[in-house]
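Numbered from 1 within each chain, the chains take letters A, B, ... in sequence-line order.
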Amino acid sequence: MPKTDLPKAYNAAEIEDKIYQKWEESGYFNPDKLPGERAESFVISMPPPNVTGVLHLGHAFENALMDIEIRYQRLLGKRALIVPGTDHAAIATQARVEDELKKQGFVNPRKELGREGLLKKIKEFADNHKSIILGQIKKMGTSCDWSRLAYTFDESRSEAVNEIFRRMFEDGLIYRGYRVINWSVKGQSTCSDDELVYVDQPAKIWYFKYSHDFPIPIATTRPETKLGDTAVAVNPDDARYKQYIGQKFTVDVGAAKPLIITIIGAGAVDPDYGTGAVGVTPAHSAIDYEMYLNNKDIGIIPVIGQDGKMLSAAGPAYAGLPVLEARGKFVQWLKDQGLYIKEEETTHNVGSSDRFGDIVEALPMEQWFVDVNKKIPERGKTLKELLREAVTVGHDENADKIIKIAPERFHNSYLQRIDNLYDWCVSRQIWWGHRIPVWYCDDCQHYFYSSDTPSDCLKCGSKKLHQDEDTLDTWFSSGTWTFSTLGWPAETDDLLKYHPTTWMQMGYEIIFLWMVRMILLSTYALDDIPFKNVYIHGMLRAKDGRKFSKSLGNGLDPLEIIEKYGTDALRLSLIKGVTAGNDSRFYEEKVEGARNFVNKLWNISRYILQTVAQPRLIEEVPATRTLADDWILSRLNETTAATTAELDKYNFSSAGELLHEFTWSDFADWYLEIAKVEGAKDELLLFILQKILKLWHPFCPFITEHLWNELGAKNLLLVAAWPKNFAVDIGAGADFQSIKDIITSIRNLRGENKIEPAKLVTISIIAGDKTELIKKEQNIIKKLGRVENLIIKNNKPEGGIGAVAGGVEIYLDLAGLVDVETEKKRLAKEISETEKYLSGIAIKLNNQEFVANAPEEIVLKEKEKMEPAQEKLDKLKNQLDSLK
RNA sequence: GGACACAUAGCUCAGUUGGUUAGAGCGUUCGAUUCACAUUCGAAAGGUCGUAGGUUCGAAUCCUAUUGUGUCCACCA
């Protein structure tokens, strides 16, 4: 007579999409439409996924984290908001599309398609991926407000980007400068320092002299750049060379003009490395360029061009050659001239472009930079200082405007990094992105900011104008994310209500790429922090500890997992075993375990719905009749409190574990079995189920919402209230534990003696002061221990085998059928364990220093352990004796 | 070269300011299939917490050194 038609197993695929649709239709993802009085806001800006691809496990993980947090906060009664969106990912997307086009037969897509044509192709690609990604976020169950959907490259965000650019330009924080930058020959664009991936490569280091009469030999891994050397740096304390500092030597190494080499002193030069002297190439080394800036007299000679080939300044023998060919040729020349000394094998750490993949060249070029060391007009602080302040004393020295980073260790690495921050190169020579809003006059060379096409030059009135060809670094736009998505630069209600955002989660790999930029742009443009809390998470790795990657082919598709196991199971498995800041491993068995749990929750509910007379929501704490009732309610209370505490600390995994333990062990394995014995528990079962569904909702939103509906709820679980603690009899714990121990012990005796579960046995218990308790709870013991006769007596029965548990002696009456040797062994083992335990306590208590120094309660606790342990030991010894 | 993290059961991981007989899941062993669930139930085995010192009445937890693994930064001219 089932009162519910729930199928035996939970089928996620059947219900998930419908539930998500119900949520969307409710409008509750929008915090302005949430029911009830909600004073406090809780806002998460979703890190926008790049439109370069589709959602991978890492995204699924982040969605799980964000959605658990936001659903929890919504249940707590806050105005909960996740702002969703996607990132146009400038270089990444263009590089991806160019690669595709090359596979299709294009040789140089930029030339062949032109700016407009290529942009059209990229836009098609981006739009396509964007819609796939958004669909996937819904599949994950993420409760974000789709009415506030944003895109880093849409009109509103572009306006924000232009506005920030204008302000920085007018404040002199954005400047055009000639500096050595990282250049990707393949991508034909700059890359910022943060976008480089360093790889160790085997390399050679060549030792040589510029000329026979040059006094100092030098060493280099890049001989071809030596054609542009203008100085040699030595340590000012180096006795071998210091007398040459300040001298100039003219050498002819085959470059277009003879090189004038100045000997300079630099403390950074290590006298013990190489020859102890550094050939300085200002044009092709960031460090050498710094030396040049300190001493411009030495000069700068670029010898490598943007195409990766030698320039004419390198000399007629080298001009036009790719760098590697020039290198070989130059080394040969040194050998021919007798200037070559030796070469050694070494490893060289070279920076390669994260997106284009090639090793970058250091080239001097005119580019746009954000000055992090210049005082902001009228604020008297530099951007670098703002970056520091936000995480230390609080923005503007206001302690309420402070960013808390969890786990804390990332706080230090952030500060360390800020100290070494250089000006941020923001211009890129690609087309997919926000075009730099600066216009040049062809007549007077004046350049100025304009967000749209200006009609004439602001200075000379000429109409011959052209816009800067470059686009902005993608992080310049994503750095505005927390506030541009809320309407900035317009002064919107959203900004007032929802900024700064409350909680941000991100992987540690983008702390410097993204977090730093968000803090920089927000503190600059809004005079406020972008978020109050950052939760840094690690990376998901495969079971063998390797990264998931396309090239390894070890990726797992979240959509396939969802299809097979359901979204709730995927979400649970993603956060299982995860601690903040640390990498975790992900593999299918984890999902399987999570799926099993979800199914357990299903069947718990199914059982209750089938059993009770009328499924309904019970909000009031029902009256209890038995020890088990008191026990389960106090466990529910404990679990609620502990789970809440863990969630407040963003310990999602351990919150889930606590709930898992309560739901499966306490509630399903013990209480439901007892309910079958004691009966008449409709209200209690419904009450607890209702609480369990709420507690699980942040983790498993779909199944809990569905079951909530089956319980007969009128409102969505999405907007229910998070459980609070209530008053119950706390004293039930110890007594119930005794009963549990006794039952487990009986089951153990049965198992050890291979008694079939179906066979009912006779048990004698010497109960002592627990007599009343056991009498009262004998039905449970009988049923769960498969006991036919439960005899409470004062002395041990003849021929029984025994155990000591729950403070009583238990005898199984099976004389003659028992394997005496096995029992002896078991008892002996338990006796030795108990003796060890007891002697441990005795040693402590006999130690005067322990008694004198340890806190009183600790000593008391040890003393209290003593007596029951001693009793147990005596009983065990008795039982062993009786077997002889 | 600098910094950080990790090392606990066969595997993947918890273990919150030092004080429980160090826990979980998976796996393993034994047993169970009418009565919510075999995506299940019951029972059990399995760890001197990387190593060596130190602090302390007391260390998986704090300190020092050391080994291994991983990450970031600097940089090798």
Side-chain angles (χ1 to χ4, degrees), chain A residues 2 4 6 8-10 198 203 205 218-222 225 233 268-270 273-281 285 287-288 346-349 407 409-410 412-413 416-417 420 508-509 511-512 538-539 541 543 545 565 569 576-579 581-587 589-590 592-611 645-646 649 651 653-654 657 660-661 668-669 672-673 676 743-744 747-752 754-758 784 786 833-834 836-838 840-841 844 847-855 857-859 861-862 865 869:
Chain A
T4 170
L6 295 181
K8 275 180 87 156
Y10 172 61
Y198 288 93
I205 177 163
I218 60 165
T220 182
T221 52
R222 303 237 12 218
T225 65
V269 176
D270 177 359
Y273 190 89
T275 63
V278 186
V280 179
T281 322
S285 153
I287 300 235
D288 295 2
T346 180
T347 55
H348 196 45
N349 197 4
R409 67 185 134 97
F410 290 102
N412 289 333
S413 63
Q416 213 174 323
R417 179 59 177 261
N420 295 324
Y508 54 67
E509 72 278 3
I511 292 176
F512 305 119
M539 212 188 321
R541 292 173 177 276
K543 194 168 190 182
Y565 297 101
K576 190 175 164 58
V578 169
T579 45
N582 294 327
D583 291 352
S584 60
R585 304 195 188 193
F586 185 85
Y587 40 89
E589 291 92 316
K590 261 188 170 176
E592 233 176 80
R595 187 269 321 264
N596 292 354
F597 172 75
V598 171
N599 191 58
K600 186 73 185 181
L601 188 56
W602 178 261
N603 273 291
I604 288 170
S605 310
R606 183 166 174 255
Y607 171 73
I608 293 173
L609 290 167
Q610 281 176 4
T611 311
E646 293 295 354
K649 288 185 277 182
N651 291 334
S653 182
S654 64
E657 259 172 57
H660 183 277
E661 164 85 10
D669 289 347
L672 285 187
E673 293 308 312
K676 288 176 189 172
I743 293 167
T744 302
R747 286 168 169 173
N748 184 358
L749 284 172
R750 300 179 57 117
E752 298 265 330
K754 312 257 186 287
I755 298 164
E756 303 223 339
L784 302 193
R786 311 285 301 154
E833 274 172 8
T834 310
K836 224 169 95 189
Y837 173 56
L838 208 50
I841 300 171
K844 270 191 198 172
N847 181 345
Q848 289 310 311
E849 288 183 289
F850 171 72
V851 179
N853 292 323
E857 48 179 271
I858 300 286
V859 179
K861 232 159 107 187
E862 291 298 317
K865 285 188 210 161

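Rounded to the nearest Å, the gap between the P atom of rC11(B) and that of rG53(B) is 26 Å. Annotation: rA45(B) and rU29(B) have their P atoms spaced 16 Å apart (nearest Å). The P atoms of rG54(B) and rU71(B) are separated by 35 Å, rounded to the nearest whole Å. The separation of rU17(B) from rC63(B), taken at their P atoms, amounts to 12 Å, rounded to a whole angstrom. The separation of rA59(B) from rA52(B), taken at their P atoms, amounts to 15 Å, rounded to a whole angstrom. Look at the P atom in both rG46(B) and rA7(B): the space between them is 24 Å, to the nearest Å. A gap of 15 Å separates the C1' atoms of rG23(B) and rU61(B), to the nearest Å. Spacing between rU66(B) and rC73(B) at atom P, rounded to whole Å, works out to 25 Å.
For Gln416(A) against rA74(B), no side-chain N or O and base N or O form a donor-acceptor pair under 3.5 Å. At a cut-off of 3.5 angstrom, counting only N and O atoms as typed in the model, there is no donor on one side facing an acceptor on the other between the side-chain of Lys576(A) and the base of rA24(B). Side-chain atoms of Arg585(A) stay outside donor-acceptor range of the base of rU12(B), with no qualifying N/O pair under 3.5 Å.
Taking the side chain of Gln610(A) as heavy atoms from C-beta on, and the options rG31(B), rA36(B), rU39(B), the nearest nucleotide is rA36(B). The side chain of Lys543(A) lies closest to rC11(B), out of rC11(B), rU16(B), rC75(B). Side-chain atoms of Tyr198(A) lie closest to rC75(B) of the nucleotides rC57(B), rU20(B), rC75(B). Of the candidate nucleotides rA77(B), rU16(B), rA36(B), rA77(B) has the atom nearest to the side chain of Ile205(A). With rG25(B), rU20(B), rA77(B) as the choices, the nucleotide that has an atom nearest any side-chain atom of Thr220(A) turns out to be rA77(B). Across rA14(B), rU21(B), rA36(B), the shortest atom-to-atom separation from the side chain of Asn582(A) is found for rA14(B). Each of rC72(B), rG19(B), rU39(B) was ranked by its minimum atom distance to the side chain of Lys861(A); first place goes to rG19(B).
Although no hydrogens or angles enter the test, the distance criterion places a donor-acceptor pair under 3.5 Å between the side chain of Thr611(A) and the main chain of Tyr607(A). A donor-acceptor distance shorter than 3.5 angstrom exists from the side chain of Lys590(A) to the backbone of Arg585(A), with no hydrogens or angles considered. Between the side chain of Arg541(A) and the backbone N or O of Phe586(A) there is no donor-acceptor pair closer than 3.5 Å. The closest donor-acceptor contact from the side chain of Arg595(A) to the backbone of Ala569(A) lies at 3.5 Å or more, if one exists at all. Looking only at distances, no side-chain donor or acceptor of Asp583(A) sits under 3.5 Å from a matching main-chain atom of Gly538(A). A donor-acceptor pair under 3.5 Å is formed between the side chain of Arg747(A) and the backbone N or O of Leu784(A). Thr579(A) contributes no side-chain N or O that, together with a main-chain N or O of Asn582(A), makes up a donor-acceptor pair within less than 3.5 Å.
Remark: His348(A) is in phosphate contact with rA77(B), judged by side-chain N or O atoms under 4.0 Å from OP1 or OP2. Residue Asn599(A) has no polar side-chain atom (N or O) positioned under 4.0 Å from OP1 or OP2 of rU39(B). Contact between the side-chain N/O atoms of Thr579(A) and the OP1/OP2 oxygens of rA14(B) is found at a separation under 4.0 Å.
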### Message
Evaluate Lys836(A) against Glu833(A) for salt bridge (Lys or Arg N to Asp or Glu O under 4.0 Å), listing each step before the verdict.
### Response
CA-CA 5 Å; Lys836(A) 224 169 95 189; Glu833(A) 274 172 8; over 6 Å; no
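With rounding to whole Å, Asn596(A) atom CG is found 14 Å from rG27(B) atom C1'. Atom-to-atom, CZ of Phe850(A) to P of rC57(B) comes out at 12 Å; the value is rounded to the nearest Å. Spacing between atom CD1 of Ile755(A) and atom P of rG31(B) amounts to 15 Å, rounded to whole angstrom units. As rounded to whole Å, 19 Å separates atom P of rA74(B) from atom CG of Asp270(A). In this structure, Tyr607(A) places its OH atom 12 Å from P of rC35(B), rounding to the nearest Å. When rounded to the nearest whole Å, the span between CG of Asp583(A) and C1' of rU12(B) equals 14 Å. Between Phe410(A) atom CZ and rA3(B) atom C1' there is a gap of 13 Å when expressed in whole angstrom units. For Asn412(A) and rU71(B), the CG to P distance is 21 Å, given to the nearest whole Å.
Among the atoms of the strands shown, base atoms are found under 4.0 Å from some heavy atom of Ala854(A). Residue contacts for Lys836(A): at a heavy-atom cut-off of 4.0 Å it reaches no nucleic acid atom on any strand shown. Among the heavy atoms of the strands, none lies under 4.0 Å from Ser413(A). Across all strands shown, Ser653(A) has no heavy atoms under 4.0 Å from either base or sugar-phosphate atoms. Backbone-only engagement by Arg417(A) is indicated by non-hydrogen atom pairs under 4.0 Å involving sugar-phosphate atoms exclusively. Nucleic acid contact for Asn651(A): none, since no nucleic acid atom lies under 4.0 Å from a heavy atom of the residue. Using a 4.0 Å heavy-atom criterion, one finds that Ile604(A) contacts the bases of the nucleic acid, with or without backbone contacts as well. Contacts of Val269(A) with the nucleic acid, taken as non-hydrogen atoms under 4.0 Å apart, include base atoms.
Each of Gly581(A) and Glu849(A) has a nearest nucleotide on RNA chain B; the 5'-most of these lies closest to Gly581(A). The residue among Glu661(A) and Glu646(A) whose nearest nucleotide of RNA chain B lies closer to the 5′ end is Glu646(A).
With rounding to the nearest 0.5 angstrom, the CZ atom of Arg786(A) is 13.0 Å from the CD1 atom of Ile743(A). A distance of 11.0 Å separates CG of Asn603(A) from CG of Leu609(A), quoted to the nearest 0.5 Å. To the nearest 0.5 Å, atoms CD (Glu646(A)) and CD (Glu657(A)) are separated by 9.5 Å.
In this model, no donor atom of one side chain and acceptor atom of the other lie less than 3.5 Å apart for Tyr565(A) and Asn599(A).
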What's touching nucleotides 41-45 of chain B from the protein side, N or O pairs under 3.5 Å?
{"from": "rC41(B)", "atom 1": "OP1", "to": "Lys600(A)", "atom 2": "NZ", "distance (Å)": "3.0"}
{"from": "rC41(B)", "atom 1": "OP1", "to": "Trp664(A)", "atom 2": "NE1", "distance (Å)": "2.3"}
{"from": "rC41(B)", "atom 1": "OP1", "to": "Asp669(A)", "atom 2": "OD1", "distance (Å)": "3.4"}
{"from": "rG42(B)", "atom 1": "O3'", "to": "Arg747(A)", "atom 2": "NH1", "distance (Å)": "3.4"}
{"from": "rA44(B)", "atom 1": "OP1", "to": "Asn748(A)", "atom 2": "ND2", "distance (Å)": "3.4"}
{"from": "rA45(B)", "atom 1": "OP1", "to": "Lys829(A)", "atom 2": "NZ", "distance (Å)": "3.3"}

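With a 3.5 Å limit on both pairing distances and Watson-Crick or G-U wobble geometry required, the stems of 3 or more pairs in RNA chain B span B:1-7 with B:67-73, B:10-13 with B:23-26, B:28-32 with B:40-44, B:50-54 with B:62-66.
Per the stacking criterion (ring centres < 5.5 Å, plane angle < 30°), Tyr837(A) stacks onto the base of rU21(B).
Residues Val598(A) and Trp602(A) have side chains not in contact (no heavy-atom distance under 4.5 Å, counting atoms from C-beta outward).
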